[in-house]
Q: 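Here you go, one structure.
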Amino acid sequence: LARARSKQLKPEEYSSGTFTISNLGMFGVTSFKPILPPGCAAIMSVGASKPTAVPDGNGGVKIEKQMTLGLAADHRIVYGAQAAEFLRDLKEIIENPYQLLV
């Protein structure tokens, strides 16, 4: 960890992995399609949150912050339905983080 923080890692030490997260949300990018690097099973894109009008359940509208996540997967490694289930479960956790405490 110390070598990584001091920027002493060589490219071959950080160029592969099984799952990668690409966050352009911190730069204000709301949505993008990640490109799967060689050697990775999947990559998830994280976009910035933005205020969005949504139904309030009483026939009205309310404003909520929403963000976009994307997922690209190597289907030789990851079954598409499992990738969709992962995104569904992640959405549930993000919307209801208290579940992590139960």
Side-chain angles (χ1 to χ4, degrees):
L1 190 56
R3 288 182 54 237
R5 287 187 177 154
S6 64
K7 301 184 182 194
Q8 296 177 349
L9 294 177
K10 298 174 186 170
E12 59 268 14
E13 294 179 282
Y14 60 81
S15 62
S16 66
T18 57
F19 188 84
T20 301
I21 298 173
S22 182
N23 177 11
L24 295 182
M26 64 185 152
F27 298 110
V29 176
T30 56
S31 179
F32 64 101
K33 293 177 177 45
I35 298 172
L36 189 63
C40 283
I43 182 170
M44 182 174 64
S45 62
V46 179
S49 64
K50 64 179 182 176
T52 306
V54 297
D56 68 2
N58 296 318
V61 176
K62 64 181 178 178
I63 303 297
E64 287 184 353
K65 281 191 169 186
Q66 292 189 349
M67 63 187 284
T68 301
L69 298 175
L71 186 68
D74 184 339
H75 286 257
R76 296 171 298 177
I77 302 169
V78 178
Y79 184 57
Q82 291 172 325
E85 289 171 349
F86 167 78
L87 283 177
R88 180 200 60 209
D89 294 345
L90 181 59
K91 174 187 178 289
E92 184 66 27
I93 291 169
I94 290 170
E95 291 177 349
N96 304 289
Y98 64 87
Q99 292 180 358
L100 294 173
L101 301 174
V102 178

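Worth saying up front: this structure is predicted, and the values here are computed from it rather than measured.
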Q: Measure across A72 and P34 and return the closest heavy-atom pair with its distance rounded to 0.1 Å.
A: CB-O, 3.8 Å
Q: Any donor and acceptor pair, going by atom type alone, linking the side chain of N96 with main-chain N or O of Y98 inside 3.5 Å?
A: no
Q: If two hydrophobic side chains count as joined below 4.5 Å and joins carry through other members, does L24 share a cluster with M67?
A: no
Q: Starting at CG of L90, measure out to CG of L71 and round the result to the nearest 0.5 Å.
A: 9.5 Å
Q: Working to the nearest 0.5 angstrom, can you tell me the gap between I94 CD1 and D89 CG?
A: 11.0 Å
Q: Might you point out which heavy atoms bring L9 and A4 nearest each other, and give the distance in Å?
A: CD1-CB, 3.5 Å
Q: To check you understand the geometry: which heavy-atom pair defines the closest contact between I77 and A41, and what is its length?
A: CG2-CB, 3.7 Å
Q: Restricting to non-hydrogen atoms, name the atom on S6 and the atom on R3 that form the minimum distance, rounded to 0.1 Å.
A: OG-O, 3.2 Å
Q: Spell out, as yes or no, whether a donor-acceptor pair under 3.5 Å connects the side chain of S45 to the backbone of F32.
A: yes
Q: Considering residues at least two apart in sequence or located in another chain, which fulfil the side-chain contact (heavy atoms from CB on, under 4.5 Å) criterion with K50?
A: T30, T52
Q: Is there a path from V29 to M26 through hydrophobic residues (I, L, V, M, F, W, Y) whose side chains come within less than 4.5 Å of each other?
A: yes
Q: Under 4.5 Å between side-chain heavy atoms, hopping through other hydrophobics if needed: is there a path connecting I21 to F86?
A: yes
Q: When you look at CZ of R5, are more than 12 heavy atoms from neighbouring residues, nucleotides or ligands closer to it than 6.0 Å?
A: no
Q: Is a donor on one side and an acceptor on the other found under 3.5 Å between the side chain of D56 and the backbone of N58?
A: yes
Q: Indicate the atoms forming the closest heavy-atom contact of T68 with S31, along with that distance.
A: CG2-OG, 3.7 Å
Q: Could you measure the distance from the CD1 atom of I43 to the CG atom of D74? Nearest 0.5 Å is fine.
A: 12.5 Å
Q: More than 12 foreign heavy atoms under 6.0 Å from CD1 of I63: is that the case here?
A: yes
